[in-house]
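This one's a predicted model, so the numbers in the text were calculated from it and none came from an experiment.
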Amino acid sequence: MTARLYRLGTNDLLETYRETPEDSLSDVEKKLGKDAGKQTFTTTLAQSVTVGSVGGQQFDALVSATVEIAVDGSSAQFTKVVSVDQQPLDAVQATLDAPYTHDLTYEMPAQTIKWGADGTLVITSSAYPAVGRQALEDAGYACSTAYDGSWTARHQYAVTTYMEITARGSVAA
C-alpha cells in the first residue's frame with residue numbers, strides 16, 4: 001500500500017509512505033477481527049525523506065523499517081524493529097554511496113519508532129540531473145570532473161525519521 005501527500009494547488013509531492021505487510025491485509029484483518037487477545041504481525045513501513053536539495057529540486061531516499069506490531073483489543077504497539085534500510089527514491093536522478101541506516105528506538109514496546117539514515121548523495125552528469133553542476137557547487141556539493149568531461153557531485157546527509165501507531169491497525173507518520 002502506498003500513500004502520497006501532495007501540496008494543494010501546486011500538486012508538488014511532499015511525502016510518500018509505504019506499508020508492505022508480511023501477511024496479506026485480509027489475513028491481518030481476520031487476526032484483528034477475532035479479538036482473541038494479543039495478535040502480533042510483521043510489516044514493513046517506509047517513507048520518503050529529503051537527503052539533498054538544490055533550488056527547487058529535491059533528492060529523496062526511501063527509508064524503511066521492518067517491524068513487529070502487537071495488537072490487543074483497541075491498542076497497538078511496536079514490539080520489535082527487525083531491520084531498517086534505505087534506497088534512492090529516484091535512482092535515475094541520484095544514487096546513495098555508503099548508506100547506513102540505524103534504529104534509534106531505545107525501549108520496546110513503544111508507540112513510536114525512530115530511525116536514522118546517513119550516507120552520501122551522489123549526482124552524476126550521466127544521471128540526467130534536473131540541476132546543473134554550477135548550481136550544485138553553489139549549494140555546497142563537492143564536485144569533481146573526470147578525464148572525459150563528465151562530473152560527479154557529492155553531498156553528505158544525515159536524517160532522522162519516525163512513525164507512530166495512532167489507532168488499532170493503522171500507522172501514521
Side-chain angles (χ1 to χ4, degrees), residues 1-6 12-29 31-32 38-54 57-71 76-124 126-131 136 139-142 152-173:
M1 174 182 354
T2 302
R4 293 181 180 88
L5 300 174
Y6 294 92
D12 293 336
L13 180 64
L14 298 175
E15 294 285 345
T16 301
Y17 302 99
R18 294 184 183 168
E19 181 177 6
T20 309
E22 187 175 89
D23 298 328
S24 70
L25 290 177
S26 61
D27 289 344
V28 170
E29 286 175 352
K31 282 183 185 178
L32 297 176
K38 190 173 186 178
Q39 300 290 325
T40 303
F41 62 95
T42 303
T43 189
T44 300
L45 306 171
Q47 74 182 100
S48 64
V49 294
T50 300
V51 296
S53 64
V54 175
Q57 176 66 40
Q58 283 187 181
F59 300 101
D60 297 325
L62 189 67
V63 181
S64 61
T66 300
V67 296
E68 287 181 4
I69 298 174
V71 179
Q77 294 181 325
F78 294 107
T79 56
K80 181 178 181 182
V81 176
V82 178
S83 64
V84 289
D85 192 24
Q86 66 175 306
Q87 58 188 338
L89 197 57
D90 183 357
V92 172
Q93 288 289 318
T95 59
L96 305 178
D97 186 24
Y100 175 66
T101 315
H102 45 284
D103 177 23
L104 298 172
T105 309
Y106 297 109
E107 293 184 31
M108 288 290 178
Q111 294 297 117
T112 302
I113 57 170
K114 183 165 71 168
W115 62 98
D118 54 65
T120 303
L121 174 68
V122 180
I123 304 164
T124 62
S126 62
Y128 307 106
V131 293
L136 292 163
Y141 287 61
T152 301
R154 301 169 89 62
H155 169 71
Q156 291 185 342
Y157 64 90
V159 295
T160 302
T161 188
Y162 74 95
M163 286 194 176
E164 64 181 308
I165 295 178
T166 56
R168 185 178 106 164
S170 67
V171 176

So CZ of Phe59 and OG1 of Thr95: to nearest 0.5 Å the spacing works out to 11.0 Å
Full working for side chain to side chain contact (heavy atoms under 4.5 Å, CB included) between Val84 and Val63: CA-CA 7 Å; Val84 289; Val63 181; over 6 Å; no
Within a strict 4.5 Å, meaning less than it, do heavy atoms of the Val49 and Val51 side chains meet?
yes
ask   = Will you find, in the side chains of Thr152 and Thr124, an N or O donor that is under 3.5 Å from an N or O acceptor?
value = no
Closest non-hydrogen contact found for Ser48 with Leu89 is CB-CD2, 3.7 Å
* **Side chain proximity check, Leu104 to Tyr162, heavy atoms < 4.5 angstrom** => no
In short, Asp103 meets Val81 closest at the heavy-atom pair OD2-CB, 3.6 Å
Review point. Passes ring-ring contact (aromatic ring centres under 6.0 Å, His included), His155 versus Tyr157? Steps please.
Key: CA-CA 6 Å; His155 169 71; Tyr157 64 90; 7.4 Å; no
Looking only at heavy atoms, the pair that brings Pro88 and Leu96 closest together is N-CD1, 3.6 Å
Distance col, row Thr50:OG1 vs Gln58:CD, nearest 0.5 angstrom, shows 3.5 Å
Rounded to the nearest 0.5 Å, the OG1 atom of Thr66 sits from the NZ atom of Lys80 at a distance of 11.0 Å
One should read off an interatomic distance between Thr160 OG1 and His102 NE2, to the nearest 0.5 angstrom, of 6.5 Å
Closest non-hydrogen atoms of Tyr141 and Ala153, given as atom of the first, atom of the second and distance, are CB-CB, 4.2 Å
Note: Gln86 and Ala61 closest approach over all heavy atoms is OE1-CB, 4.3 Å
Interatomic distance, CD@Gln77 vs CD@Glu164, rounded to 0.5 Å, equals 13.0 Å
Step-by-step side chain to side chain contact (heavy atoms under 4.5 Å, CB included) determination, Asp118 to Gln156
CA-CA 7 Å; Asp118 54 65; Gln156 291 185 342; over 6 Å; no
Between Ile113 and Trp115, the two heavy atoms sitting closest are CD1-CZ3, 3.4 Å
